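Reviewing the structure listed below.
First the proteins, then the strands, lettered A, B, ... as listed; each starts at 1. Quick caveat, the model's predicted, so the values are computed rather than measured.
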Number of protein chains: 2
Amino acid sequence: MDHGLQHRKKLAAMHRIQSAALDLFEEQGFDEVAIEAVAAAAEVSPRTVYRYFGSKEMLVIWDDEDELDPGALNAEFGGDDPIAALREALRAGFAALGEDDLLLIRRRVTLIYRYPAIEAAMILHGYEKSRAIAAAVGGEDAFEVQVFVHAFVGGVLAAMRDWCAAGFSTPPFELVDRALTLLEHGFTRKRATPS
Amino acid sequence: MDHGLQHRKKLAAMHRIQSAALDLFEEQGFDEVAIEAVAAAAEVSPRTVYRYFGSKEMLVIWDDEDELDPGALNAEFGGDDPIAALREALRAGFAALGEDDLLLIRRRVTLIYRYPAIEAAMILHGYEKSRAIAAAVGGEDAFEVQVFVHAFVGGVLAAMRDWCAAGFSTPPFELVDRALTLLEHGFTRKRATPS
DNA sequence: ACCAGTATAGGCAGTCACTGCCAAATGGCA
DNA sequence: TGCCATTTGGCAGTGACTGCCTATACTGGT
């Protein structure tokens with residue numbers, strides 16, 4: 001959006017702050033680290049940390065890549081098969097991640113599932129974003145769309161939890177894809193065709 | 001579980017505290033009411049409020065009916081068609097609610113969706129309970145079960161949100177049932193058969 | 001009814017997340 | 001370089017939440 005010098009400095013500071021925060025949280029635990037310590041480690045004032053992130057949990061949750069744009073969303077998911085579009089968007093999104101990005105995400109996910117307070121904030125964040133997507137896409141059948149996006153967020157959360165619990169051994173897109181397929185086809189057939 | 005005098009007094013106090021809290025939150029707003037005010041209105045000490053409820057959000061979320069018992073759950077949902085069992089349990093649960101219970105639930109739901117902080121705590125609570133259920137039921141196909149319960153919580157949340165947004169005009173079981181049916185049969189067919 | 005022993009409530013003091021408010025500094029621009 | 005808009009930092013305050021200790025109320029046996 002904005003590419004002025006101020007904005008770039010702000011983003012750099014946010015990355016520095018987040019990095020310092022993750023280091024400290026991993027070392028000493030989320031509850032044991034005060035914002036003041038994070039601010040000191042990142043060489044900014046505590047007040048600035050709050051201005052940038054708004055809450056302690058956001059230090060872990062924040063991701064600079066997920067700014068969304070309702071117009072583009074409607075173009076992307078407004079077609080005949082929005083689930084296929086969603087799957088494709090997810091595949092592209094995961095494929096675009098470099099090794100560094102993935103490493104950072106793993107650190108964040110680990111912390112998110114270690115501390116329920118962070119998880120709660122994360123879930124709410126996910127729901128708010130998906131409701132925005134649903135509002136941009138959904139027309140008549142609002143109820144179905146709402147149920148789907150909430151269920152999808154739940155599914156992604158379950159997939160992420162599984163990914164983390166299994167030591168990040170499975171490629172993450174594969175898990176999300178399996179979850180999405182379950183939502184797509186329903187949960188009935190599962191019992192009829194055991195492995 | 002325990003039916004001693006202490007336990008009954010504690011439950012009575014919890015109901016009194018929750019009732020006072022809902023009154024105050026509705027009148028003045030969740031953020032504007034301090035725990036101290038709730039404690040004063042319910043004639044207990046603030047320390048006791050924390051001991052009973054653990055957090056301010058729990059004053060709204062808490063429901064005395066949802067104590068769960070892993071053994072019974074396994075017996076109930078361990079059969080061939082756990083989704084049908086779940087639907088039947090939901091139907092029975094909603095049918096068992098009296099007019100008073102329903103009124104209380106409406107007040108709580110209204111507050112939950114008015115204040116994101118409460119919603120976040122509620123969602124997390126729902127996930128934790130459903131993971132407990134899933135652990136009690138699920139065997140081999142843990143991933144599918146986990147995805148289902150998370151999606152189901154999301155679906156119920158969407159249904160509750162819809163219920164609240166529509167002024168509680170639809171019977172709640174009907175909405176939950178529709179959400180469950182969507183999960184059961186999948187979201188593909190929706191686009192193929194417009195209303 | 002009484003008297004241990006035990007569980008529970010209340011009070012106190014402290015920590016820390018988070019928020020306005022105002023002054024200082026810093027980038028944007030003529 | 002000098003002016004203006006935005007941003008940062010410090011300060012003080014509020015309130016959620018937590019140990020710790022004492023007082024009180026319940027419980028089970030006599």
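- Look at A:Tyr50 and you won't find any side-chain N or O under 4.0 angstrom from OP1 or OP2 of C:dG20.
- At whole-Å resolution of the value, CG in B:Asp31 and P in D:dG13 are 22 Å apart.
- Among the heavy atoms of the strands lying under 4.0 Å from B:Val33 are primed sugar atoms or P, OP1, OP2 only; no base atom is included.
- Atom CD in A:Glu36 sits roughly 12 Å away from atom P in D:dC11 (whole-Å rounding).
- Among the nucleotides D:dG15, C:dA9, C:dA17, the one closest to the side chain of A:Ala34 is C:dA17.
- Residue B:Tyr52 has its side chain nearest to C:dA9 when only C:dA9, C:dA17, D:dT8 are considered.
- Applying the 4.0 Å criterion to OP1 and OP2 of D:dC17, one finds that B:Lys56 has every side-chain N and O outside that range.
- Relative ring orientation between B:Tyr127 and B:His150 is described as tilted, the plane-to-plane angle lying within the 30° to 60° band.
- Rounded to a whole Å, the CG atom of B:Leu59 is 10 Å from the P atom of D:dA16.
- Per the geometry, NE2 belonging to A:His7 stands 17 Å off C1' belonging to C:dT26, to the nearest Å.
- For B:Leu5 and D:dG28, the CG to P distance is 11 Å, given to the nearest whole Å.
- Contact annotation for B:Val49: no contact, since no heavy-atom pair falls under 4.0 Å across all strands.
- When the shell of 6.0 Å around CD of A:Glu43 is examined, it contains 12 or fewer heavy atoms from other residues, nucleotides or ligands.
- Taking atom CZ on B:Arg8 and atom C1' on D:dC26, their separation rounds to 12 Å, with Å as the unit.
- Nearer to the 5' terminus of DNA chain C, by closest-nucleotide assignment, is the contact made by B:Val44 (compared with the other of B:Val44 and A:Gln6).
- Hydrophobic clustering of Ile, Leu, Val, Met, Phe, Trp and Tyr side chains at less than 4.5 Å, counting indirect connections, unites B:Leu102 with B:Val176.
- Per the geometry, CG belonging to B:Leu11 stands 12 Å off P belonging to C:dT8, to the nearest Å.
- Taking 4.5 Å as the limit, every side-chain heavy atom of B:Phe30 sits out of range of all side-chain heavy atoms of B:Leu111.
- Distance from the side chain of A:Glu57 is smallest to C:dC18 among C:dC18, D:dC17, D:dA25.
- Side-chain nitrogen and oxygen atoms of A:Lys10 include none within less than 4.0 Å of the OP1 or OP2 phosphate oxygen of D:dT7.
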Is there a salt bridge (charged side-chain N to carboxylate O under 4.0 Å, His left out) between B:Asp31 and B:Lys56 once you walk through the steps?
-> CA-CA 10 Å; B:Asp31 301 317; B:Lys56 192 178 180 184; 5.2 Å; no
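- For the pair A:Arg47 CZ and C:dC22 C1', the computed distance is 12 Å after rounding to whole Å.
- Mapped onto DNA chain D by nearest heavy atom, B:Lys9 and B:Arg51 fall at different nucleotides, with B:Arg51 at the one closer to the 5' end.
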